[in-house]
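First the proteins, then the strands, lettered A, B, ... as listed; each starts at 1. Both backbone and side-chain heavy atoms feed into the values below; hydrogens, waters and symmetry mates do not.
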Amino acid sequence: MRHGYQGIPRWIYVLAAAGAVFVLLPLAAVVAKVNWPQFLPLVTSESSLTALGLSLRTAAASTALCIVLGVPLALVLARGQFRGQRLLRSFVLLPLVLPPVVGGIALLYTFGRQGLLGRSLELAGIQIAFSTTAVVLAQTFVALPFLVVSLEGALRSAGSRYEAVAATLGARPTTVLRRVTLPLVLPGLASGAVLSFARSLGEFGATLTFAGSLQGVTRTLPLEIYLQRETDADAAVALSLLLVAVAVAVVGLSYRGPGAAAARGSGAAPRTPRAGSAEPALEPVAR
Amino acid sequence: MKLPRRLTALIAAATVSIVLAACAGAPGSGAGAASGTGGSTSGAGEAKPTGTLTVFAAASLKATFTKLAAEFEAANPGTKVALSFAGSSDLVTQISQGAPADVIASADTKNMAKLADAGLLDGPARNFATNVLAIAVPPANPASIASFADLARPGVRVVVCAGQVPCGAAAAAVEKSTGVTLKPVSEESSVTDVLGKVTSGEADAGLVYVTDVKTAGDKVKGIPFAEAGQAVNTYPIATVGASKNKDLAAAFVALVTGAAGKKVLGDAGFGTK
């Protein structure tokens with residue numbers, strides 16, 4: 001009773017505990033299944049390290065691409081006013097609910113050899129299928145909504161009061177964006193980027209469908225796990241744990257570092273819309 | 001505050017175990033009910049077993065086993081065949097973890113041997129079909145592939161199975177015996193993924209089974225090659241030891257290994273002897 005009235009009935013804690021166990025128990029099962037004496041040799045084998053390296057590199061590239069494409073999208077969705085805005089938001093968020101395999105098929109018919117753009121790219125001498133580029137595209141496709149959602153939430157709860165002041169003081173829109181808006185939502189942007197990175201790291205279905213699987217080129221860690229599972233369950237479990245560890249490190253980093261500020265100030269939980277904010281603070285995911 | 005909190009944790013743990021027990025119980029009770037009907041008939045002394053039979057079969061058997069299951073149900077009124085298709089190693093893993101299967105049909109002897117070694121089979125497995133590799137190319141054959149050696153030409157985008165799965169092991173065996181080394185653009189985890197890359201036109205050629213070429217119809221062109229005989233995949237079938245409906249399982253195995261099975265499998269391109 002440190003904070004007075006907590007407002008949470010006790011039985012909620014029971015269900016919350018059940019929820020936590022539901023998530024943690026399978027992870028504990030993986031840890032229990034690990035063949036510890038063989039763990040290091042398994043995760044440091046050449047194919048494992050190649051897959052891990054490829055995963056980290058492609059996830060970093062995808063995150064960069066998500067920032068380049070996602071920041072403008074979030075700005076347009078949060079601050080712009082135009083017809084079809086709701087529709088655009090729905091479509092941008094679609095990969096969140098789409099099975100990744102479907103995303104892979106869609107990408108295949110876009111960038112594939114016979115695809116919408118792929119045919120022209122092929123003529124220009126650019127081959128995307130079976131390349132690392134295909135992996136990055138697949139990861140960006142599934143990870144982009146995470147960045148857009150986080151940043152749009154941050155933008156909405158930050159309000160546009162400071163921007164309005166800056167504009168009345170004579171700042172041009174680009175200056176306002178650079179000097180006021182972006183610094184204001186930086187924590188939200190950071191946590192969005194971390195989420196995108198984590199989602200990219202775990203991408204499997206779209207990559208398998210669209211990019212193929214070749215060591216060092218397209219076989220990321222999840223694909224390596226999927227393949228190892230065929231013959232060497234120990235290796236698959238060890239690599240799974242490695243991926244879990246990397247994911248926990250990434251998420252942990254975001255919530256301890258800039259993400260914590262984001263959760264307080266904006267993005268994750270817009271509790272109280274600031275006075276003067278024209279828009280009610282909505283949680284876009286919930287809609 | 002101490003005691004209630006501990007109590008809360010206790011309740012939480014109890015809830016979780018109840019939920020988990022309920023979840024674990026669902027499939028098991030289903031199987032139990034099914035085998036119950038089977039058992040009651042044998043108790044009544046009827047000749048023909050009835051009930052639900054769960055058959056785990058390799059993905060490449062999907063078309064043929066779906067057909068054979070329908071024949072089996074028609075020939076044995078009161079029976080129902082539940083089919084589960086997946087990669088052979090997945091099926092073996094599932095059965096090792098206690099999945100309620102009555103019959104297992106694998107796409108290679110290696111995976112079946114894992115179950116036999118673990119003592120999870122009822123009697124020895126019986127080989128009922130063989131399958132060999134074939135080259136699948138898009139209908140237009142853009143890379144003009146005519147032989148296995150053509151696959152190694154520079155610039156040909158060929159997709160194969162990874163060495164860890166049976167079709168990849170077969171491909172490696174053919175490579176070894178012919179001395180032709182392939183440089184695939186992708187090593188897929190399943191033969192259906194290889195076929196998908198060919199039907200979508202992403203790959204110039206893929207190494208799949210002759211039966212896959214037949215199933216794909218006119219979406220791919222099949223190019224058989226003599227060296228495929230160097231790596232023949234054998235399909236074994238067996239009754240699972242934990243089956244509660246062994247009579248019915250044996251009847252299904254008899255159908256697959258008998259004349260009706262040979263007919264359906266042979267039509268699909270499998271070798272049956």
Among B:Ser88, B:Ser186, B:Ser189, residue most engaged with chain A (heavy-atom pairs, under 4.5 Å): B:Ser186

Interface residue of largest heavy-atom contact number with chain A, from B:Pro184, B:Gly87, B:Ala203, under 4.5 Å: B:Ala203

Approximate separation, where rounding is to 0.5 Å, of A:Tyr226 OH and B:Ser190 OG: 6.0 Å

Gap between atom CG of A:Leu214 and atom CD of B:Glu187 - 0.5 Å precision: 5.5 Å

Which atoms of A:Gln228 approach chain B - backbone, side chain, both or neither, heavy atom under 4.5 Å: side chain

Chain B contact via A:Leu208 - which portion, at a heavy-atom distance below 4.5 Å: both

Non-hydrogen atoms of A:Arg219 and B:Ala162 that approach each other most closely: NH2-CB, 4.3 Å

Closest contact, heavy atoms only, B:Asp204 versus A:Arg113: OD1-NH1, 2.8 Å

Between [Y] and [X], is there a side-chain heavy-atom distance shorter than 4.5 Å?
{"X": "A:Thr209", "Y": "B:Lys197", "result": "no"}
{"X": "B:Arg157", "Y": "A:Gln127", "result": "yes"}
{"X": "A:Arg229", "Y": "B:Asp90", "result": "yes"}

Contacting moiety of B:Val159, where chain A heavy atoms sit under 4.5 Å: side chain

Residue B:Lys114 excluded, over 12 heavy atoms near NZ under 6.0 Å: yes

Flag if over 12 foreign heavy atoms under 6.0 Å of OH, A:Tyr109: no

Among A:Thr218, A:Val217, A:Leu108, A:Leu223, residue most engaged with chain B (heavy-atom pairs, under 4.5 Å): A:Leu108

